[in-house]
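Comments concern the structure below.
Keep in mind it's a predicted model, so treat the numbers as computed, not measured.
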Amino acid sequence: MIESSHKNQVEQLYQEHHSWVYTWLYKKLGNQAQAADLAQDTFVRLLMKEKRLELNEPRAFITTIAKGLMKNWIERKQIEQAYLEVLSQQPELFCPSLEETVLIIESLLEVFCLLDGLPIIVRQVFLSIQVDGIKYDEVATQFNLSLSTVKRYTKQAYMQCLSAYVNSNL
């Protein structure tokens, strides 16, 4: 349950900073609707905090939340665009429903989040093996790496996924 004092604090922050964060997001995104959605989501995140916030610099705190939401939105759009490009290259017989498309994009986002923080080469090696089904020795040749490096990178990616899975289930 949200404490009354916390709710009042968020309401005050909303009144004082909503138009500012909306304008900031609009300048970054160039899209009024998306800036409005992300500005609203920023304050929903603040509201979801369990207790009253002690903020010396509320705009800095609000900006941090808004940046995170904007980053997630941009990543989602990039993944969605990449998927739609791949889909457009498929035969017309392969046409997933809107629901299937949303599920696929959500799954891709989860994989992206699991691998976030790994060096790009580690992600590329792992995805080449796991998604593209390329054999270790072919990946080594493709990326000009030794076989042992490919195995090490794959293990590193697996450990990242395992760690994220364990942490999400604690």
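Using a 4.0 Å cut-off between a side-chain N of Lys or Arg and a carboxylate O of Asp or Glu, E106 and R76 qualify as a salt bridge.
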Exercise for the section: Could you walk me through whether W24 and K67 pass side-chain contact (heavy atoms from CB on, under 4.5 Å), step by step? Expected result: CA-CA 10 Å; W24 182 84; K67 278 182 183 178; 3.4 Å; yes

Practice task
Could you give me the CA-CA distance, side-chain angles and deciding distance for Q124 and Y153, then say whether side-chain contact (heavy atoms from CB on, under 4.5 Å) is met?
Solution key: CA-CA 9 Å; Q124 290 173 330; Y153 285 173; over 6 Å; no

Practice task
Determine, stepwise, if the pair N8 / Q12 fulfils side-chain contact (heavy atoms from CB on, under 4.5 Å).
Solution key: CA-CA 6 Å; N8 292 340; Q12 183 178 353; over 6 Å; no

Exercise for the section: Output, in order, the C-alpha distance, side-chain angles, deciding distance and verdict of side-chain contact (heavy atoms from CB on, under 4.5 Å) for D132 and L127. Expected result: CA-CA 7 Å; D132 299 332; L127 293 173; 5.8 Å; no

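In this structure, CD on Q32 lies 5.0 Å from OH on Y26, to the nearest 0.5 angstrom. How far NE2 of H17 is from OG1 of T63: 9.5 Å, rounded to the nearest 0.5 Å. To the nearest 0.5 angstrom, E100 atom CD is 12.0 Å from I105 atom CD1. The NE2 atom of H18 lies 10.5 Å from the CD1 atom of I62; values are rounded to the nearest 0.5 Å. The distance from atom OH of Y22 to atom CG of L25, rounded to the nearest 0.5 Å, is 9.5 Å. Atom NZ of residue K151 and atom CD1 of residue I129 lie 10.0 Å apart, to the nearest 0.5 angstrom.
Annotation: Y158 is in aromatic contact with F126 [ring centroid separation under 6.0 Å].
Summarising the geometry of A140 relative to V150, their closest heavy-atom pair is CA-CG2, 3.6 Å, with the distance given to 0.1 Å. Contact detail for L115 and R123: the closest heavy-atom pair is O-CD, 3.5 Å. Listed here is the closest heavy atom pair of I134 and V139: CG2-CG2, 3.5 Å. Listed here is the closest heavy atom pair of L13 and P58: CD2-CB, 3.7 Å.
In the hydrophobic clustering of this structure, V131 groups with L145; members are Ile, Leu, Val, Met, Phe, Trp, Tyr whose side-chain heavy atoms approach within less than 4.5 Å, directly or through other members. L103 and Y83 fall into different hydrophobic clusters, where Ile, Leu, Val, Met, Phe, Trp and Tyr side chains are chained together by heavy-atom contacts under 4.5 Å. Side-chain heavy atoms closer than 4.5 Å link hydrophobic residues (I, L, V, M, F, W, Y) into clusters, and following such links, possibly through other members, connects L84 to I104. By the rule that hydrophobic residues join a cluster once side-chain heavy atoms approach within less than 4.5 Å of another member, M159 and I121 end up as members of separate clusters. Hydrophobic clustering (ILVMFWY, side-chain heavy atoms < 4.5 Å, transitive): L118 and L109 are in distinct clusters.
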Show the atom names and distances, to 0.1 Å, of all donor-acceptor pairs under 3.5 Å that link a side chain in residues 33-46 to residues at least two apart or in another chain.
residue: Q34; atom: OE1; partner: W73; partner atom: NE1; Å: 3.0
residue: Q40; atom: OE1; partner: Y14; partner atom: OH; Å: 3.2
residue: T42; atom: OG1; partner: L38; partner atom: O; Å: 2.7

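The number of heavy atoms from other shown groups lying within 6.0 Å of CG (N144) does not exceed 12.
At least one side-chain heavy atom of K77 sits less than 4.5 Å from a side-chain heavy atom of E80.
Side chains of Q160 and Q156: a donor-acceptor N/O pair is absent below 3.5 angstrom, by distance only.
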